[in-house]
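Labels below follow one simple rule: chain letters A, B, ... track the order of the sequence lines, proteins then strands, and each chain is numbered from 1.
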Number of protein chains: 2
Amino acid sequence: MRRADFKRKSRVIVVDDNYDHASGIRELINLEQDYEVIANAGNVNVAISLIKKYQPDIVLMDINMPEIDGITAISEIEKLGLKTKIIALTGYDDADLIYRAMKIGAKGYILKTMASAQLIRALDEVTMGKIYLPSVLCSKFFEYFQAAERNEKAYNAAEDEENLLNYLTNREEEVLGLLTEGITYKGVAQQLFISETTVKTHVNNIFQKLQVNDRTQAVLYAINKGFGSRKKAKIA
Amino acid sequence: MRRADFKRKSRVIVVDDNYDHASGIRELINLEQDYEVIANAGNVNVAISLIKKYQPDIVLMDINMPEIDGITAISEIEKLGLKTKIIALTGYDDADLIYRAMKIGAKGYILKTMASAQLIRALDEVTMGKIYLPSVLCSKFFEYFQAAERNEKAYNAAEDEENLLNYLTNREEEVLGLLTEGITYKGVAQQLFISETTVKTHVNNIFQKLQVNDRTQAVLYAINKGFGSRKKAKIA
DNA sequence: CTTAAACTAAATCTTTAGATTTAGAACTTA
DNA sequence: TAAGTTCTAAATCTAAAGATTTAGTTTAAG
């Protein structure tokens, strides 16, 4: 899986507040013909300026660091929008950490306790544009991921008892749609080419069907039930 | 990784509309001392009633089936709330399919083209409560997952230009909080033990700061900016 | 052919909402 | 101490919002 010799070495920056550990990794990586460590960083701020300056191919990021944590650091680096790929590195296989690191864009995640072969393997895979997560960690990730999804579902299911929106007529839905954009009776009347009194009639019917007393409550009900789903009314 | 002999065999149901393929898997699994296929199902409806009846330990679910697709099927089975673990099975490594299957709770995902050892490995891992996703598919999953997260971020970033909510005073935030529950001036006044005119003053200041004209727009602005974030005002 | 929704609209009336101005008390900061 | 914020409150309006009743069309269902 080694790349041909005529390709330049992949440039790596190691971020770890433990100097000894960083040095160990550096030496380990420099033994490989395909990689070279171009810098070490002992804290996040130094790391970010080095990364901005050198735009390395890969960053090995220790997650457990003082001041700014590694997760935040990854997030910051991702914001730079470089091609730099980040591999997270920790001592423990905390599901939450793995989930968060992968969520914000880490391309790999390995444990410090893993064999050095794992590290090189991770570098190889990530260099080839893949994502590397050892199966143990992969399993951990999914525990967390699926638990999170289940919570989402349970959360939404709670308000799925009965959706009063289903009782609305087409016209009433249209009117409600305009209400959820913060438009007045007059405005709705103009947009639908009907009189203001008609709008009032519709709105009153909507209130009764949704069992609310005013437009604010109607709008809140509609939004909570996912009315208009992903459009999110724009104000400003 | 085989379990001790005194433990009963894990009971497996195979769901696949291709009878030959299902039979092949059945024979393959029955060669293992730890597993036995207790039923085959050629379509989703049969599968679900069999699963309800036998509550197997594992379901091997082909995703590409006529009528109801396998993803929906997994979702339906998960809704039953059984201990049954589902392993998805497809011909292609479609990132979207993998993502959706894992998202709704599949405990494993393997390709039909993979060696039979992979299948047994998946059964073993899943039986032990882990999640099994071969590294190739794991990588595919994360491509999709991270792309989805990036889109989320981009979506939210668009309205992060400036959050006018930051200019609100504490009291104004309180008032806005009550407005986002659909409460009237009088109601807010009672809850905060202040006069109605004071509430009006606050509300007017809120309108100016949020650059809106009425409470509906203020509430919409607040919700869009994540005011109260995950609480979602309850009406009804 | 009749019944029942659904959409339309008017009239009337009460209640909130919202704009605007002014101002006192408490607290903070230069 | 003076200036500035924040929270409080009142008075006075105007403009919306909302409740209620009645009623004429149209269209689909029986």
Side-chain angles (χ1 to χ4, degrees), chain A residues 162-225 227-228 233-236, chain B residues 162-225 227-228 233-236:
Chain A
E162 197 187 13
N163 194 336
L164 298 175
L165 291 177
N166 297 141
Y167 299 138
L168 298 184
T169 66
N170 292 333
R171 200 53 160 175
E172 284 162 358
E173 280 185 7
E174 276 188 277
V175 173
L176 180 56
L178 294 174
L179 287 191
T180 59
E181 292 177 23
I183 303 180
T184 63
Y185 281 140
K186 198 184 287 178
V188 174
Q190 284 172 358
Q191 291 213 20
L192 298 184
F193 302 107
I194 55 180
S195 86
E196 199 174 329
T197 53
T198 304
V199 177
K200 288 189 179 187
T201 308
H202 286 312
V203 171
N204 266 290
N205 291 333
I206 291 171
F207 289 167
Q208 292 201 350
K209 290 185 178 176
L210 300 189
Q211 298 169 3
V212 297
N213 304 310
D214 56 55
R215 57 174 61 209
T216 308
Q217 295 185 339
V219 166
L220 287 171
Y221 185 94
I223 292 176
N224 278 336
K225 293 295 186 179
F227 186 86
K234 275 269 187 185
I235 304 291
Chain B
E162 196 184 15
N163 193 336
L164 299 176
L165 292 177
N166 296 142
Y167 299 139
L168 298 185
T169 66
N170 293 333
R171 201 53 159 174
E172 285 162 356
E173 280 184 8
E174 276 188 277
V175 173
L176 180 56
L178 294 174
L179 287 191
T180 59
E181 291 177 24
I183 302 180
T184 62
Y185 281 139
K186 198 184 290 179
V188 174
Q190 284 172 358
Q191 291 213 21
L192 296 184
F193 304 107
I194 55 179
S195 87
E196 199 174 328
T197 52
T198 305
V199 177
K200 288 189 179 186
T201 308
H202 286 312
V203 171
N204 265 290
N205 291 334
I206 292 172
F207 289 167
Q208 291 201 349
K209 289 184 179 177
L210 301 189
Q211 298 170 2
V212 297
N213 304 310
D214 56 55
R215 58 175 60 210
T216 307
Q217 296 184 339
V219 167
L220 288 172
Y221 185 93
I223 291 177
N224 278 336
K225 292 295 187 180
F227 186 86
K234 275 269 185 181
I235 305 290

OP1 or OP2 of D:dA10 under 4.0 Å from side-chain N/O of B:S195: yes
Any chance you could measure B:L220, atom CG, to A:L220, atom CG, to the nearest 0.5 Å? 8.0 Å
Interatomic spacing from CD in B:E196 to OG1 in B:T198 - rounded to 0.5 Å: 10.0 Å
Specify the closest pair of heavy atoms between A:E172 and A:Y167, including all atoms of both residues, with the distance to one decimal. OE1-O, 4.3 Å
So if I apply the side-chain contact (heavy atoms from CB on, under 4.5 Å) rule between A:L164 and each of A:Q211, A:Q208, A:K209, which one comes out positive? A:Q211
Does A:H202 place a side-chain N or O at less than 4.0 Å from the phosphate oxygens OP1/OP2 of C:dT8? yes
Taking the side chain of A:T169 as its heavy atoms from C-beta onward, which of C:dC7, C:dA19, D:dG18 lies nearest to it? C:dC7
note: A:L210, atom CG; D:dG18, atom C1'; distance rounded to Å ~ 15 Å
Pick base, sugar-phosphate or nothing for B:T197, based on heavy-atom distances below 4.0 Å to the nucleic acid. base
Within the structure shown, what part of the strands sits under 4.0 Å from B:T198 by heavy-atom distance: base, sugar-phosphate, or nothing? base
Atom-pair distance (CD1 on B:I206; P on C:dA17), nearest Å: 13 Å
To the nearest 0.5 Å, atom CG of B:L179 lies from atom CG of B:D214 at 10.5 Å
Can you tell me which residue among B:L168, B:V188, B:L192, B:T169 is in a side-chain contact (heavy atoms from CB on, under 4.5 Å) with B:E174? B:L192
Starting at OH of A:Y167 and ending at P of C:dA5, how long is that distance when rounded to a whole Å? 15 Å
Roughly how many Å is it from CG in A:L179 to P in D:dA16, rounded to a whole number? 15 Å
Figure out the CD/P separation between A:Q217 and C:dA17, and round it to whole Å. 10 Å
I want to confirm an ordering. Mapping B:T201 and B:N213 to their closest nucleotides on DNA chain C, which one lands closer to the 5' end? B:N213
So what does B:T184 touch, heavy atoms closer than 4.0 Å: a base, only the sugar-phosphate, or nothing? sugar-phosphate
Can you tell which of D:dT20, C:dC7, C:dT16 lies closest to the side chain of A:N204? D:dT20
Taking five pairs at each end, how big is the angle between the two axes of the helix from C:dC1-D:dG30 to C:dA30-D:dT1, to 10°? 50°
Would you check, one step at a time, whether the test side-chain contact (heavy atoms from CB on, under 4.5 Å) holds for A:L178 with A:V199? CA-CA 11 Å; A:L178 294 174; A:V199 177; over 6 Å; no
In whole Å, what is the span from the CD atom of B:E196 to the P atom of D:dA10? 10 Å
I need the CD1-P distance between A:I183 and D:dA15, as an integer number of Å. 21 Å
Rounded distance (Å) that lies between atom P of C:dT16 and atom OH of A:Y185: 14 Å
Would you please confirm or rule out a distance under 4.0 Å between OP1 or OP2 of C:dA19 and any side-chain N or O of B:K200? no
